[in-house]
Each structure stands twice: as structure tokens, then as C-alpha cells.
Amino acid sequence: MATITNRDYQLNSFQSLLTPSIMFFALGFVAQLIKSDLKLPVELTKSITIYLLISVGIHGGIELSHATFLDAVPSIFTAVALGVLLPIIAYLIINKVGKIDHLNAVAIATHYGSVSAGTFLTAIAFLEALHIDFEKYPIIMLAIMESPAILVGLVMASYLRGKHLNNSGAIQSNKSELIKEAFTNGSIVLLMGGLLIGDIATEKSIKTILPFFDHLFMGVLCVFLLSMGMEAGKKISDFKVAGKFLICFGALMPLISGLIGVMIGAYLLNFSVGGSTLVGVLAASASYIAVPPAMRMAIPEANPSIYLTLALGITFPFNVLFGIPLYYSFANFLL
Amino acid sequence: MATITNRDYQLNSFQSLLTPSIMFFALGFVAQLIKSDLKLPVELTKSITIYLLISVGIHGGIELSHATFLDAVPSIFTAVALGVLLPIIAYLIINKVGKIDHLNAVAIATHYGSVSAGTFLTAIAFLEALHIDFEKYPIIMLAIMESPAILVGLVMASYLRGKHLNNSGAIQSNKSELIKEAFTNGSIVLLMGGLLIGDIATEKSIKTILPFFDHLFMGVLCVFLLSMGMEAGKKISDFKVAGKFLICFGALMPLISGLIGVMIGAYLLNFSVGGSTLVGVLAASASYIAVPPAMRMAIPEANPSIYLTLALGITFPFNVLFGIPLYYSFANFLL
Amino acid sequence: MATITNRDYQLNSFQSLLTPSIMFFALGFVAQLIKSDLKLPVELTKSITIYLLISVGIHGGIELSHATFLDAVPSIFTAVALGVLLPIIAYLIINKVGKIDHLNAVAIATHYGSVSAGTFLTAIAFLEALHIDFEKYPIIMLAIMESPAILVGLVMASYLRGKHLNNSGAIQSNKSELIKEAFTNGSIVLLMGGLLIGDIATEKSIKTILPFFDHLFMGVLCVFLLSMGMEAGKKISDFKVAGKFLICFGALMPLISGLIGVMIGAYLLNFSVGGSTLVGVLAASASYIAVPPAMRMAIPEANPSIYLTLALGITFPFNVLFGIPLYYSFANFLL
Amino acid sequence: MFSVKRIELVIEAVEKQRVISTLKAVNIFNYTIYNHVGGYGERGARGDLAFGEKFENVTFVIACPENRLTTIIESLRPILKSYGGMCLVSDAQWIIH
Amino acid sequence: MFSVKRIELVIEAVEKQRVISTLKAVNIFNYTIYNHVGGYGERGARGDLAFGEKFENVTFVIACPENRLTTIIESLRPILKSYGGMCLVSDAQWIIH
Amino acid sequence: MFSVKRIELVIEAVEKQRVISTLKAVNIFNYTIYNHVGGYGERGARGDLAFGEKFENVTFVIACPENRLTTIIESLRPILKSYGGMCLVSDAQWIIH
Ligand SMILES: Nc1ncnc2c1ncn2[C@@H]1O[C@H](COP(=O)(O)O)[C@@H](O)[C@H]1O
Ligand SMILES: Nc1ncnc2c1ncn2[C@@H]1O[C@H](COP(=O)(O)O)[C@@H](O)[C@H]1O
Ligand SMILES: Nc1ncnc2c1ncn2[C@@H]1O[C@H](COP(=O)(O)O)[C@@H](O)[C@H]1O
Ligand code: NA
Ligand code: NA
Ligand code: NA
């Protein structure tokens, strides 16, 4: 794979931008820009997200049924480390460089330590379109990386509250409850459940459910990305609430962490081009499902419009349109 | 195909009424008549409509990827012409023959110049059950015919308002907004988007999404028609609001325009039996998704119960149960 | 099949507990226990239920298209008999042994005379995982057994009201309306409609819809059981409202009626192991869709929390986890 | 602008049709309805089940002239008696359009 | 706690954006909105079709100081004139937080 | 018929459980709840995202005797302080059933 010529790669890469899933993302985005009245029922998007998480889990589980738990340890460890370090880096950039106030900075930073399953799924579609194989451990990492950043965010927030702010009379949200929520999040349950079931179930019985969970995957993903394109298109009009610095941050942060992630994948975890790309995507992506409500509860002082706009309106489309091919070519360049 | 014997055709045609999709339509209709508490979630019907529009679009796009844009010009021109002429004919019949007041007449007439994707899809199921091939241009026509009638309706309404009515103090709805909406309608976006994606995407990448968008089509269509049967059954009880003249109109108008459509398909566009049938169906069908809300906004003086009952309760079931086989046999007879 | 060694059977049986569908049930249950915020949209669960009922109906219809109506008579007769007798037995146990008041006893008992499609579907998944064939008549029985118990419940309630209670000023709910509803219930319409369509439609045309209604079945069932696991998990926390006696009843009653059902299937209807298991499951399962609202209307004096908790929180999970394998091994033992 | 009574009736979804017919019987045709309403009352929790809008509440809001109030209330009372629910009445001004 | 007017506006879903803009034009930015509202009025039944939230109602609830009431009402009146709907005004106490 | 206070509380969906517990703590068990409520307030728009009922509002309607009002309001105030929302109180008549 690494011997692919540069020209070939460029062709492939451009062609890959024309995969149906990414075109559907663009379609949704454009529909929003031309103010079409197109609407997907919220329940459809939620149902599709559930389907995709289970499918990815099962898929990973089937592959992992050939591996031992020990093999997964480095990936797990890396996932936790990334989840802890990325929000701290992000916080420092936002607060020190961007001069954004402490609590808003923490709330935003936390999103970048966690992950976006939608971005991850798009990356898988991208790799499959290019017929690039990839390790399955990143799927476990996807499940694991949802939570640590939230904990880090909680810790940072209460440290900063103690140091810089005198507590207002506001209710302190129950921290142990928030921590519990970070680990029992719906996406984690579905991913981990899928992984486990794909791992445990006999090959024969798994085969009966693959027509649903496997054959339809790429098609369903198209509808998901159509919906994500529309969400991104909606959020893009909120640009001004974020301000110039944060808009740049929303595109640069994934770049930085994506490249770090690819390097970690390639050199630390010894993954192939495909696997390293996925680690890059995990690092680069910002959560827009699990973290926003957690931050809303934990840091009610912060402005949700800002972090939602950044994660959904800037970082997500950036990764889908530019980030993924970039992390892939970087992985390709390294290996 | 034209050499098929008459008896064979009759057999085929009767058997075709027993396709699962049409039986599901009947099931929904009956469920409503016996007042079953059966209910499909509104979100399910909406999701299925989205799925079907995308699927039809992709399907058409794949076929059209072999054609040039020039080939499509006559179809596009015909679609616009039908969209302009049919509502004028319908208006004259309703207002002159039926003595219905100007604004209600315009509101009703507009529906008959536009199209019903549901009827079109049923016709495709019908043709496929009979193994009849058809041209793909009618799919483009389906997308195009949504809008022109709405513009014609707007123009007629403001002309008639100026001529016959002194404007009440009511707000004049923003016309440019309504025109924009006529062209950025959700169904158009999905159909056109699907066409484009099916056209542009590589054959390889399209194949990955066909298990979802192609293999499931006929099954999903059954659930759609079940739901449409229920809607039609609900509306049928509103018959009396329409009055005798309009009830007849609801069955005769599609007959007239359907036969005109088939002739245009056969002689002007030189389509096969299948393609001509579809042009007939486009001409015959009345919009129940895009036009009603447009008329509600543009002509608030008109009674929505009347045009909804006609389009959904009379013309739609008429076309599904009698119209489609009729237009098909007429096309068969001509070619 | 009957010559299978005991050890083999035990292995098979344990392995069968590890079918994906049952693991998804467990996943949903656990998600609820650990208070995950996982939620499936209500519309998704409803849509899936509709899909499964139609699919099972079509499946049965295809098989029955080879049979004559006469062949089905014994099954139909048995279904009605079970629907009449089981609620009476249940009432006697609840009222005489458990000393629960008359009206609550009737309301609860009625649920056990009717059936749960969810349990039935799980049983089918179980049998298919073990590659056990089964007769299709139980599908007709499933449709038929929804209603008779409701009628019996109505009769019992009005008899007991006359005998033991002086009527309060409460409105008497319209009985004929309730009876009509018992027979035009949505599930019955879908099942019977599916059966009919699967029976009448030509093999060719049915084949076009099988990719949707057949190939996806087992996968969709997983999502259904995930959702059912969550519902069961929610209800389990309401245990205390039921009281010790009723909790035991919720597990013992299905045991009794399940074993009766298997015997009837094996000796009276001469079904195979698979078919007898399904009759056992029909007898054992308690309705949680059709009967609760009927009882709410017919016996407003009874406490819905009790019968919902029993049917959904105790009997359903009992049957899924223990009952089905038990009835199967009993059938295996008999035949 | 003129004074009306605003009736707010929260009742089980299964009783929806009965309420509509009852209102019709006393010549009240206009109402606003909210579906999928949850709640907690003497009869436990409502609106949290995957099956069944049948175990949810619906809310009717009815604006009526003051002199029609008693008739409407009395016609609804038997339904409230059997099936529970809440019925609040307050004063409001109707903006003529 | 201070006195406010509670405006409850039930109107066709298609008019949602127009209402929001109209309110903005008179400097009212805050409101609560209920979607998928059904009803029956002079223009027939609403909210029972598979297509189209476009034939449903939405309800706006707006709490405003008493002295803003007339401005708001007058700005909404033309919409009510063309598209029907119900608008009720009542008294309430706003709990300062 | 007797007089009650009608409390109408619009608050973020994430706070639903906290409100229910808070009400329980002051012995208020009965309420009506509307989910999926949208709105616009000091903290921006609510209820327009594909993810997340968590960024929607819910509305609680609570009818209570006048003498319980202050207790309830005071118990809810801290929640309103941290998470915003609207709380209106008005007079109503409860129709005994
Ligand atoms: N005090 C109250 N305040 C608000 N809503 C109530 C109250 N009491 C009852 N409800 C509503 O009325 C429904 C039926 O009440 P019940 O018949 O008491 O179970 C409940 O589910 C609530 O939605
Ligand atoms: N008297 C009323 N009480 C409650 N709601 C009403 C009343 N009149 C009208 N409405 C509501 O306002 C909507 C539009 O009314 P209309 O313009 O009269 O068709 C209806 O669909 C109802 O939701
Ligand atoms: N003046 C108002 N009138 C109606 N609803 C309001 C008003 N102010 C706030 N709300 C509602 O309360 C929610 C939270 O308000 P806030 O905390 O100000 O963002 C909003 O999303 C609205 O639904
Ligand atoms: Na990240
Ligand atoms: Na037409
Ligand atoms: Na049973």
C-alpha cells in the first residue's frame, strides 16, 4: 500500500471524495444553504445513529473474536491517554492564546478530548471506498475515548472554580452522577454491547443478522451523513457567535490532534495506514453527542451555542471534507 | 411487447393488481374502513418517503449516467409544458363547468398540474411486476413537474384577485418566497440529489449502497402504500365536503390528463409502453405533499379540506387502483 | 430430532441462549439496570413492531399457500379454547389463592389469556438458531388468540360487577365498541393482512419483497429485543407495586400454561417439537400491547401499574430467558 | 377583545374520542389538543412506555364564553369521574381576529 | 415575582417563521413553542395527516410586561386575520430567578 | 370547584429528573409534563437539534393549593437560578371529579 505512486493516490483520493456518503453530506449541507424545507425526522436520525453504533460494534466484535484481550491493551491505554491530554492542550490554547474565559474554555476543550462516532464512520466509509484495510482496535478506542475527557473537564472546571472564581449560589451539580453518566452513555452501551455480542456469538448465529447489520451499512450511512450535512449547514450560520479565534481553532485543533493521532497510530501502535488514519480521526474529532449535555450540566455558566457550533458546524465538516483525506495521506506518507 | 395477445394482457393486468404493494394499499384502506386502531408513526411514513425518493433518484441517476444532457431536453420541456397547461385546463373545468368560485378553483387546479411521487412509485412497482421496461427520463420529469404548476397557480390567483375581487386587508404572502419554496422543496432536493449522486458516483462505490437503496425498495414500498391506503381511507370519509361535482372531477380529471400524458409519451417523446405509461401517470397524478401547503399560504381564502380530500382521498386511490392499469393498457394499445 | 442426546441438547440449549437476539435483550436490560441514558425513539420500537408483524404474517402466508383452510381448523379451534380457558384459570388463582380483589384479578387474568407477539418472535429466533423446523399454524393462532381473552375479561367483569359490587356512577364503557376493538386491533390487521398477502400473491412478486421482509428479519428482531429488554428493565423496578404473591404468579402462571400448551401442541394438534414449543409459548405469554388499554377502558377501577408490571416486567423476561428453552425441552422430552 | 373561560383538560389518550363527542353534544366544536402528554397523578405515571400512546395523556384547551362553562363542565364530569385526569378553569381575554 | 401578561397563540405551523419575525420586529425575542399541536376551528381539523407538519398548529406562549401587550397583539393581528388561529391573553406572575 | 394556583415551569430537559425529585421533596407528586418543547430565551434557541432532546425544554404544569405555592416556588428557585427557564404562576379553578 505504501508503494502506491503519488499520482495514483491523488486520483484515488479525489475519487474518494465522490463516494456516495460524502456526496450525501454535501447534499444535506447544500439543502440547508438554499433553505430547502427538507427535514429528516429527528427520530430517523436517532434510529440511524443507534443502528450504526451497533453495526460498527458487531463488526469490530467479529474481528476481535480472533484476538486476545492482551492484544488490545496498548490501544486502550493510548485511548485513555489521548482522552486525558487532548482537552488539556485544547484548554491551554483556548484560554492562553485565545483569551477565552476559564469555564467556556474548559467546556469547549472537553469536546476535543472526546470523539465523534459520525466522523469515525465516515472515515471507515472513506477507507472502504479506497479498499484500504484497517485494524479493528480503533473501534474499541472509539468506545473508550467517549468518557475520559468528560472526567478531565469536570476536574479542570472544579479546580478553576476554586482558584479563579468565587462560587455563585448556583447548585453544584452532583459530580458522582455526572461521572457515572460519562461511563454509561448510550453510545458506549451500544458500541460495547455490539462488540461483546459480535465477539461472543457463534459465527453461524451472527450470520443471520448480518444482512441487516452489515449489508445495509453503507447505504444507511448515506442517510446519516445527509442528516449530518443538514445539521452542519444549520450550525454554520451561527458562526458569528463563536468569533474569529474560535472559528480558526475549530479547524486547527483537529489538524494538530489528527496528525498527532496518526503518528501515535503508526509508530506507537504499529498500525497499518488504515488503522493509523482511524487513530488520527479519533484524536481529531470533537464530540457533539455525549459531551455537550454533560458540559451543559457540569458547567452551566458556559455558552452551549459556542461549543455546539464549533463541534458540529466547524470541526465536523472540516474533518469530513478535508481532515479525513489529509490524515490518510499523512499516514500514507509515514508508512 | 406490443405483440402480447389481449387475453395475456388481461391476465397479466389482473395478476398485477395482486402485487404485494397494491394489496398493502388495500389493507391500509380496509383497516381504516373497519376503524382498526392500526396506526403507523408519522415519522415512519416520512422516513419511508425520504428513502423512496432518494432510491428512485439514485436508480434514475445510474441509468442516466449513460446518457447525455441533450437527450433529456425534450422530456424536461414536456414536463414544464404539462405543468403549465394542466392547471389551466383544470381551472377552466372547475370554474366554468363546476361553478366553483375562482380562488377555490385555482387552489384545486394547481394540485393537478403538479405530481404525486407515491402514484409514480406505485406505477413503477406495477411495471416491474409485469416485467415491462421503461425509460428513466420520467424520473427527471417527476422532479421537474413539482414546481411549475405552483407558479401558474400563483399567477392565476393574483390575476383573478385583481380582476374579480377587491383585496381584503389580509397580508399578501411574500410571492418571491413562495416561488423560492416551489423550487427548493424537500422532494425535489432528494430526487435531484439522488439523480446527481447516482450519475456522478463510480459504479463500484454505488454498488456498496445498493443493498440498502435497491434491494429493499419493493418491500419498503409496501409499507409506504399501507400507510397511503390508510390516509386515503381516512380522507374518503370527508367526501361530502367536496360535493358531487368535485368528486366526479377527482376521478375524471386524472383520466383526461392521463390519456393526454400517454399520448405525449408515445408520440412526442417516442417512449416505449413503459415510459409512456409513466408520463401518463405524471400527468394524471395530483400533488398531496408539495402543493397543499403552498396553496394554504398563497390562497388562504380557499378551503384546504376540499383540495386535500380530492388529491388524497379520490385522485390518489383512483390512480392506484384503476388509473395505472388503464394508462398502461392505453399505452399498450397505442404502441 | 427426538433422538438427540441429552448432553447435546444441553449444549445446544445453552448456546442458543447466546443467540444475538437474546443477548440484545440482555443488553437492553443491563443498560436499564446501570441507568444508562440509552433511549430508543418510541417511534422506532413501534415501526419495528409493525415490520415484524407483517414479516411473520407474510412468512406464514407463503407456507400456508400450500395448505387448505380445513387443515387450519384444529389450530383455530384450539386457539379460541386456550383464549377462553386460560383467563378463567388465571382469575381463579389470583382471586382465590392470592385474595386479590375481583376486578383487579379479572384485569390481570385477561392478559394471560391473550398473547405477546414479542415472545413469539423470540421463540422463532430461538428455534431458527437451533435449526428446528416448525409448523406455520401457530402464526394463525397468534393472530386469533389476541381477542377471545378480552371478551372473556369483559364478560367476567360485568358478571362480577353485578354479583359483588354496586355500580358506582361511573360511565359504563360501550361494550360493543370494546368488542369491535378486540377484533380490529392493529396487530391482528397486520398479521392477518400479511398472512393473506403472503398466501395470495404470486411467488414471483413475493420474491421482490423478501429482501426487506425476510432477509432483515433476524437483525431487526435484535433491535426489537434490545428495546424490549429496556422496557422490561424499567418495569422491574416497579416490582413492589405488585406484591410478593403476584410476582410469583407472574413466573408460575406462564410455566403452568406453557406446559399445558406444549402438551396440546404435541398430543392434540400433532405438531412437531418446534410447533409444540410455539403453542407452549402462545399459552405462556401475556399480552402487553392489546390487552392493557382494553382493560384500562373496560375496568377503570383496576390498577394499570400492576398488570403492566406483571406482563412486561416479569412474565415477558421470564419467558424470554427461561420459559422458551424450558417449553422447548419439554416438547423435546415428549416427542 | 372579550372575556372567555379557558378550560384545560388533561385526560387519558384513550378517552380522546369520547371527549370530542361529548363536546360536540353540547355544541362545542372548537378546541386545541396536545398529544403525547406525560404526567403523574393518583393513577400513577403516564407517558413513559414504548407501547402505547394508549397510556399517555392528552390535553384539551377550550376557550368558551362564560355562560357555556357550566354546561361543558357538567358534560365532562362523568368522564373525569371514571378515568381521572385534571380539569382547570381560568379567565382569559380572546383577541378577536 | 411581578405581574406579566401571558399570551397563548395557536396558529398554523406554516406561519411559525412569520410569527417569530413579527415578534422580533417589536423587540420580543423570548417565547416558548409547542410543535405538533392539533385542533379544530373554523377552518376544520388540524394535525391528523401523515404528510405534513404543515397542516398542524403550533402554540406560542409569550410572557411579557403589561405595557408591551398592545404592541404585540397589534403586530400579530394581521396574521390572525389571514390565517386564523386562537390568541388568548391572561394574567400571571413571573417568578424571578 | 375550588381555587388553586397553576404553576407553569419551562426548563431544560436535562433538569427534568431534578425537578421531579425537588417536587417530591416538598410532597408534590402530581404534575403534567410536556416534552419536546422549543423556545428562545436568554440562553439562545432550544429544541432544534437532531441530537439531543437534551437541548430541548420540558414544561411542567402543576396545580396546587394556594398555601403550598411559596414552598414549591422556593424549592424550584435554585434550579431556575442555575439553569434558567421560565416560571409563571396564575389563578385557576380545579374541577373536582
Ligand atoms: N395536581 C396536578 N397538577 C398537574 N397535573 C395533574 C395534577 N393531578 C393530576 N394531574 C394530571 O392528570 C393526570 C391524571 O391524573 P390522575 O387521574 O390523578 O392519575 C395525571 O397523569 C397528570 O397529568
Ligand atoms: N374556541 C377555541 N378553543 C380552543 N382552541 C381553538 C378555539 N378556536 C380555535 N382554536 C384553535 O385555533 C386553531 C385555528 O382556528 P381556526 O382559525 O378557527 O380554524 C384550531 O385548529 C384550534 O387549535
Ligand atoms: N418571556 C418569555 N416568554 C415565554 N417563554 C420564555 C420567556 N423567557 C424564557 N422563556 C422560555 O424559557 C426557556 C429558557 O429561558 P432562558 O433561561 O432565558 O434561556 C426558553 O427556551 C423559553 O422556552
Ligand atoms: Na478527539
Ligand atoms: Na399531474
Ligand atoms: Na397466553
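So that the names make sense, note that chain A is the first sequence line, chain B the second, and so on, each numbered from 1.
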Novice: Does any non-hydrogen side-chain atom of F:Y34 lie less than 4.5 Å from one of D:H36?
Specialist: no

Novice: Examine whether an atom of F:V61 lies under 4.5 Å from a heavy atom of chain D, and if so say whether it belongs to the side chain, the backbone or both; otherwise answer neither.
Specialist: side chain

Novice: Under 3.5 Å, is there a donor-acceptor pair between the F:T32 and D:Y40 side chains?
Specialist: no

Novice: Where does D:V37 contact chain F at under 4.5 Å (heavy atoms): side chain, backbone, both or neither?
Specialist: both

Novice: Could you tell me if the side chain of F:I95 sits less than 4.5 Å from the side chain of D:L88, heavy atoms only?
Specialist: no

Novice: Would you say that more than 12 heavy atoms from the other residues, nucleotides or ligands in this model lie under 6.0 Å from the CZ of F:F60, or not?
Specialist: yes

Novice: Within a strict 4.5 Å, meaning less than it, do heavy atoms of the F:R6 and D:E8 side chains meet?
Specialist: yes

